[in-house]
Structures are given as structure tokens and as C-alpha cells.
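A quick write-up on the structure given underneath.
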Amino acid sequence: MSETPDSAVRTYIEQHRTAFVDDLVEWLRIPSVSAQPDHDDDVRRSAEWLAAKLAETGFPVTEVWPTPGAPAVFAEWPSSDPDAPTVLVYGHHDVQPAAREDGWRTDPFEPVIENGRLYARGAADDKGQVFFHTLGVRAHLAATGRTAPAVNLKLIVEGEEESGSPHFRALVEEHAHRLAADAVIVSDTGMWSETTPTVCTGMRGLADCEITLYGPDQDIHSGSFGGAVPNPATVAARIVAALHDEDERVTVPGFYDGVAPLGDAERELFAELPFDEESWLRTAKSHGTLGEAGYTTLERIWARPTAEVNGIGGGYQGAGGKTIVPSSAFVKLSFRLVAGQQPDKIERAVADWVAARVPAGIRHEIVFGAATRPCLTPLDHPALRSVVWAMGRAFDGEKIRFTREGGSGPAADLQDVLDAPVLFLGISVPSDGWHAPDEKVELDLLVKGVEASAHLWGDLAAALR
Ligand SMILES: [Zn+2]
């Protein structure tokens, strides 16, 4: 009896599972903490280790790309089919800082396997999820009898994601012709839970600013001058107070212009998820929900743009009172953006809105940080359907549901510069403890990631043609 492709994939993965996990363990031992300068050598070593492993996997092209910070790894495996589309996989090889004293039960860089879980910093975020593609592509070849993947397969694995990807955009622009792709697969997110496999369809963007308000040239007596001159702390408070209306909608004119509406179909899909607001609140460590009227909690964090006050300050902060009109005050704001919003337009709208709230006698400065664009792939996009299909194969035909990501990431730079849709393929689950002590990955889910990767390339080749 001839093997079905599914069982061929599974057989191959089972045969190589131990060696795959051993290799991952070796990589996880390298403490590639990009935020800590004393680990610079380790981040470099991690890049070199990965490049060598990708060469061993069969990628004919593997390169370590320097940046002004930590290096990235690029690899390419051209298809033998001249008409094959090109797919770029994104991940990162750097990790968050971790130390035993933070509450780890074991050394974060001495991986431990216990009850089917692999504990180590980076096990899920993101080394494990980058690494599942190595066995995935081998299983794809073994099951299909190919000598090269069905797509031109490229990988970009950056080394500064956990430090905010300061050089990633420039790196992508510099190498845009090498990175060019018909679709981007991001393997740096996760699923709803162990029992609810999901595919993420988009990420919010981000814009942020710091507003400084200058009043008198120094703190002045509130009795001699207060009530007769403008107070910068009052202006800061008014800006913050005016940011939302009574429906918790952002009041900045034009803020919602172009926002992609949330369709009924997607709202229904979100509503199908087993969302428990009580347990979500426990995770949030908040004591209540509040957000834009007319939307559920999941809709608010995934599909609606928001404004947040990250900080406000100014004036006397010490013990007791001090009767002054302070000389300055500040407000820090951030805005999560959704598909249809342009960060530069939002920044101009915010700058105008702030300027209109600053009275004569107060000077203000507004400084914006680096913005990130939102990305969203429509539910009927053929490449998204391929990802969902591949996940379905890996999860034995279980229904794959849809999520989005409320946070923001460098994937948007790939979308922008390469003008390619961004898809997400990840198997991590919320209990994996990203950025926290005892980070782990569920080995059975990791193998599902391998399987999904193995199934994806053939289907994507057809979908993108
Ligand atoms: Zn990550």
C-alpha cells in the first residue's frame, strides 16, 4: 500500500524528531540576548550557528548579514520549478533577557525536557518556531520526492527583535531585491490555546509621541502668579482628558478615517473563540474592562484603533505640598493602528490636535517615535487559505479558527518594503510564557508546526501562481 502524503510527512518527522530536538537544544544553549551588550558575542554565535544549520539542512545560500547592531541570517533555497512563487519566512534568533533569579526553576540557557515540554529562554519566542521550518522543508522534500522546495524558499531571521528591531527596516530596504517575495510567512506568533488551533490574520500598527509643555521659565509662586498665568500641568491634563469621548472613542479629527470596518463574518468568527473574560482579566491583572462602545473586548484589542496615555507628569512630585505653578509638564501617548490607517497621517492629525489645545503663553514640543504600520490579510486571500489548510492537516482536520494580534511587529516592514501579503504560522500557546520565567514550548505542538510547514509549501506554490 502506498503511503499518503500525510503519513509520509509524519513518518519522516517521527524518524528525525529526536535529532531535531537535540539541535534545537544546542541552539537554545546560546544566550543570544540582544538587549545586553555583554551577550553581543552570543548573538553573533547564534547567527553563525543558524546559518551553518540551514546549510546542513540543504539551503544552498546561507549568509550572515551584519547590521549596526546584531546580525541577521538570510537563507535561500530556489525551487527547481522556474515558475514557482517565492515565499519569505520571518523569525528572530535573539531572545529576551533571562536569569535564574527572575524565578526560573532551572537555568534558562540549559534546556530541560519535562512532561513533553522543552523549557528554555527562546524555546517558543522564537527559536523553536524558526527551527520547525528546517525539519518542515526536509519533510516536504521527503514526502513529495522533490530535490528542491515547491516554492523559492527564503528565510530572514533577525537578531534584534527583542530590542525593538532598530535596524530591521534599513536591512530590509538594503536587501529588498534579495528578500523579494510573493508572500511573507511570519513564525513569531502563536495560537489561541493547546486545544484551539488558530491562524492570526493581522497585527496592529503603532505610533507614539512625547509632548512636552513649557510654561514659566522656572517653577513660580502659586500665590503671587497662580491663576493669572497658564499652567503647563493643567494643559497636559486637558490634553489627556480630551483624548477620548464618553463612548471611549478617540477624539482626534480624522483618527478613524480609512479604518477597515470589521465585517460580520469576522465578528462571528471572533465570537466562536472560547473567550473567558474573567480569566482574561486575571491575565490582564486589571479590575474591569473598558473600551470603545459597540465592540467586544477581543474586537477592541484586535480590530479597532486605540489611543493610550502611557505617562503624564510635571510639577512637584515630592513629599508634602509645594505651592507652585510648574515650569513644565509632559504627556506620553501611543496609538495602536489598524488596516487602513497611515501612521504619518495619524501623526499629523495628533500634532494638529495637540497644537490646538495649547494656549498662548505655553510653548510645546511633540516628538514622535518610529511608527509601525498595521498589517492584515483578508480571510479570502488564497495564501491565507493555504496556511489554514496546512494547519488543518497538522491538526488532523480540526477546525482552524482566526485570531489577530493586538501588538505590533517588524513584519509590517516586510509588507511595506516588499509589497507582499503577510501570513502568520505559529504554534506557540499563551502558557508558553514569552518574556517570562520558565518559557517553554510544547514538543507535540512544535511537531505540528513542523508538519504545517511541510504541508504549506506545495499548497502555497499552487495558491500563489
Ligand atoms: Zn518573538
Side-chain angles (χ1 to χ4, degrees), residues 161 163-166 168-169 189 200-213 235-262 266 270 284 286 289-314 329-358 364-377 403-417 422:
E161 199 276 342
S163 303
S165 304
F168 188 64
R169 173 106 187 180
T189 55
C200 171
T201 63
M203 268 185 172
R204 290 198 292 183
L206 177 66
D208 69 342
C209 67
E210 176 160 0
I211 304 155
T212 314
L213 300 146
V235 178
R238 283 189 179 141
I239 288 171
V240 165
L243 191 57
H244 297 90
D245 68 13
E246 62 279 11
D247 287 328
E248 297 299 328
R249 281 175 65 86
V250 179
T251 58
V252 175
F255 185 74
Y256 294 95
D257 286 0
V259 165
L262 183 59
E266 200 164 2
F270 286 176
S286 170
T289 61
L290 182 69
E292 188 182 357
Y295 293 92
T296 65
T297 293
L298 282 182
E299 290 168 356
R300 287 168 179 167
I301 53 179
W302 286 350
R304 295 298 294 168
T306 52
E308 211 59 58
V309 179
N310 308 126
I312 175 169
F330 69 86
V331 177
K332 292 171 193 263
L333 303 176
S334 64
F335 301 86
R336 294 287 170 174
L337 310 177
V338 299
Q341 286 178 303
Q342 309 290 340
D344 54 335
K345 277 193 190 160
I346 296 297
E347 287 175 1
R348 278 199 299 278
V350 170
D352 290 348
W353 178 82
V354 168
R357 259 147 204 86
V358 179
H364 83 286
E365 272 169 12
I366 181 164
V367 178
F368 289 92
T372 305
R373 283 173 192 277
C375 53
L376 180 66
T377 304
T403 62
R404 290 198 204 174
E405 170 59 52
S408 310
D413 289 325
L414 293 166
Q415 166 193 257
D416 271 10
V417 178
V422 171

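Q415 contributes a side-chain N or O that, together with a main-chain N or O of P374, makes up a donor-acceptor pair within less than 3.5 Å.
Smallest separation of non-hydrogen atoms from L333 and N310: C-OD1, 3.3 Å. Here the closest non-hydrogen pair linking V235 and V358 is CG1-CA, 4.3 Å. In terms of heavy atoms, M203 sits closest to S408 at SD-C, 4.1 Å. When all heavy atoms of V422 and A411 are compared, the closest pair comes out as CG2-O, 3.8 Å. The heavy-atom pair separating A303 from L262 by the smallest distance is CB-CD1, 3.8 Å.
At least one side-chain heavy atom of P305 sits under 4.5 Å from a side-chain heavy atom of Y256. Within the 4.5 Å cutoff, no side-chain heavy atoms of V250 are placed close to those of T306.
A salt bridge (charged side-chain N to carboxylate O under 4.0 Å, His left out) check over residues 289-304, counting only residues at least two apart or in different chains, returns the pairs R249-E292, R267-E299, E292-R304. The side-chain hydrogen bond (donor to acceptor under 3.5 Å, both in side chains) contacts involving residues 236-245 comprise nothing, where partners must be two or more places apart or lie in separate chains.
Take D208 and apply the side chain to side chain donor-acceptor pair (under 3.5 Å) test, not counting sequence neighbours, and it matches no residue. T289 meets the side chain to side chain donor-acceptor pair (under 3.5 Å) test with no other residue; sequence neighbours excluded. Looking at residues two or more places apart in sequence or on another chain, you find a salt bridge (Lys or Arg N to Asp or Glu O under 4.0 Å) between E210 and K332. In this structure, F330 has no ring-ring contact (aromatic ring centres under 6.0 Å, His included) partners at least two apart in sequence or on a different chain. Residues meeting the side chain to side chain donor-acceptor pair (under 3.5 Å) test with T251, sequence neighbours left out: none. Looking at residues two or more places apart in sequence or on another chain, you find a side chain to side chain contact (heavy atoms under 4.5 Å, CB included) between L298 and W192, L273, F275, T296, I301, W302. Considering only residues two or more places apart in sequence or on other chains, T372 meets the side chain to side chain donor-acceptor pair (under 3.5 Å) condition with none of them. Under the salt bridge (Lys or Arg N to Asp or Glu O under 4.0 Å) criterion, E246 pairs with no residue at all, not counting sequence neighbours. Applying the salt bridge (Lys or Arg N to Asp or Glu O under 4.0 Å) criterion to R336, with sequence neighbours excluded, gives no partner residue.
C209 SG to E365 CD: the interatomic distance, rounded to the nearest 0.5 Å, is 12.5 Å. The distance from atom OH of Y295 to atom CZ of F270, rounded to the nearest 0.5 Å, is 12.0 Å. Between I211 atom CD1 and I239 atom CD1 the span is 5.0 Å, to the nearest 0.5 Å. A distance of 9.0 Å separates CZ in R204 from CD in E405, rounded to the nearest 0.5 Å. To the nearest 0.5 Å, atoms OG1 (T201) and CZ (R404) are separated by 5.0 Å.
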Please list, one pair per line, the donor and acceptor atoms closer than 3.5 Å that link side chains of residues 339-350 to other protein atoms, with sequence neighbours excluded.
| from | atom 1 | to | atom 2 | distance (Å) |
| --- | --- | --- | --- | --- |
| Q341 | OE1 | V338 | N | 2.8 |
| Q341 | NE2 | F255 | O | 2.7 |
| Q342 | OE1 | R373 | NH1 | 2.7 |

